[in-house]
Amino acid sequence: MPELPEVEVLRRSLEPRLLGRRIERVQVLSPALREPLDRRALGRLAGRRVTRLRRRAKYLLIDVEGDSTLIIHLGMSGRLTVVPHAAPVERHEHVAFHLAGRGGKGRLRLVDPRRFGLAFALPTGRLATDRHFAHLGIEPLGDELTSRYFKQAARGRRGPIKSFLMDAKIVVGVGNIYASEAMWQARVHPRRSVARVSMATWQRLRDAVRGVLGQAIEQGGTTLNDFTDGEGNAGYFQVSLAAYGREGEPCARCGRSLRRLVQGGRSTYYCPGCQR
DNA sequence: CGTAGACCCTGCGCGC
DNA sequence: TGCGCGCAGGGTCTAC
């Protein structure tokens, strides 16, 4: 479900609703996620106030007092929302953080039908070396992402540009939707080998990745099915998608019919006319 | 070492 | 109406 823009939109929407509020109680309703929920570790968050919300790659990081961090990953189908204290438990609600403080009682809940998501707690200082984060590449919206970085990272690699863009060891946050969008924007064919990308094209790809992710954040993310921010609002970047999910529709740039192909078991959408 | 494919799981829309 | 199939925004592990 969520790529970097959706997690960032979620972070921004939750920030005013969580900052300074206290987690009164942690309720694990259904521990079966990608990694089983650890009742004891999550329970230790109880009694602490939220001090900061951050994002790394597609992970949401909720820092609390006492140098602990709650880490949430939404997988494909996760939804994290603040609901009224008395809201009925939803199907596939895995964990609920009962909140007190400004705004009265409430609950932050993680609902995840497909169970590819994660929720765990760590001492804040241990994040960088934790196995979930240790091997992640650079953030795409920071200063480090340059055409030179891309070129350097591609040295000695084979394989298609799409896999490269989606490889979190290179650059994080680019998932299946925004990979198609960035390649369309940069006019690069998804099967193009990374060994055959010129510096000018690396520059176009770099600009396209940043541009697409940035615009998607501004527009509240992409809601294809069920993405919402922390208040339950859908995004509207889906109306701006140029390629993803548009097989058979005319390319907005050249008019050719957009096509779908499968790479690594996942759909890629592209224009056979203007992507080379 | 890098890369390709299988796999984890539920739900939805489609064609029959 | 019911059923089977393909597909879905993530990441990790195994086999080459």
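All values below were derived from every heavy atom in this structure, side-chain atoms included, with hydrogens, water molecules and symmetry-related copies excluded.
Put simply, A/R266 has no side-chain N or O that comes within less than 4.0 Å of OP1 or OP2 on C/dA8.
Counting only heavy atoms from C-beta on, A/R260 has its side chain closest to C/dC7 among C/dG9, C/dC7, C/dT12. Closest approach to the A/R157 side chain among B/dT3, B/dT10, C/dG11 is made by B/dT3 (side chain taken as heavy atoms from C-beta onward). Among the nucleotides B/dC9, C/dG9, B/dG11, the one closest to any side-chain atom of A/R91 is B/dG11.
Under the 3.5 Å distance criterion, with hydrogens and angles disregarded, a donor-acceptor pair is assigned to the side chains of A/R48 and A/S68. Side-chain atoms of A/T124 and A/T69 include a donor-acceptor pair closer than 3.5 Å.
Between A/M76 atom CE and C/dC7 atom P there is a gap of 13 Å when expressed in whole angstrom units. We find that NZ of A/K169 is positioned 11 Å from P of C/dC13, with the value rounded to whole Å.
Lacking a ring centre under 5.5 Å from that of the base six-membered ring together with a plane angle below 30°, A/F116 does not count as stacked on B/dC9.
Across the strands present, C/dC5 finds its partner in B/dG13; the criterion is a Watson-Crick or G-U wobble pair with both atom distances under 3.5 angstrom.
Both tests hold for A/R253 against A/W184: distance to the six-membered ring centre under 6.0 Å, angle to the ring axis within 45°.
At a threshold of 4.0 angstrom between heavy atoms, the contacts of A/Y178 with the nucleic acid are absent.
B/dG5 and C/dC7 have their P atoms separated by 15 Å, with the value rounded to a whole Å.
Under the 30°/60° scheme for interplanar angles, the aromatic rings of A/H98 and A/H85 are found to stand perpendicular.
In this structure, A/H132 and A/N176 both approach DNA chain C, and ranking their closest nucleotides by distance from the 5' end singles out A/N176. Between A/R114 and A/N225, the one whose closest nucleotide on DNA chain B sits nearer the 5' end is A/R114.
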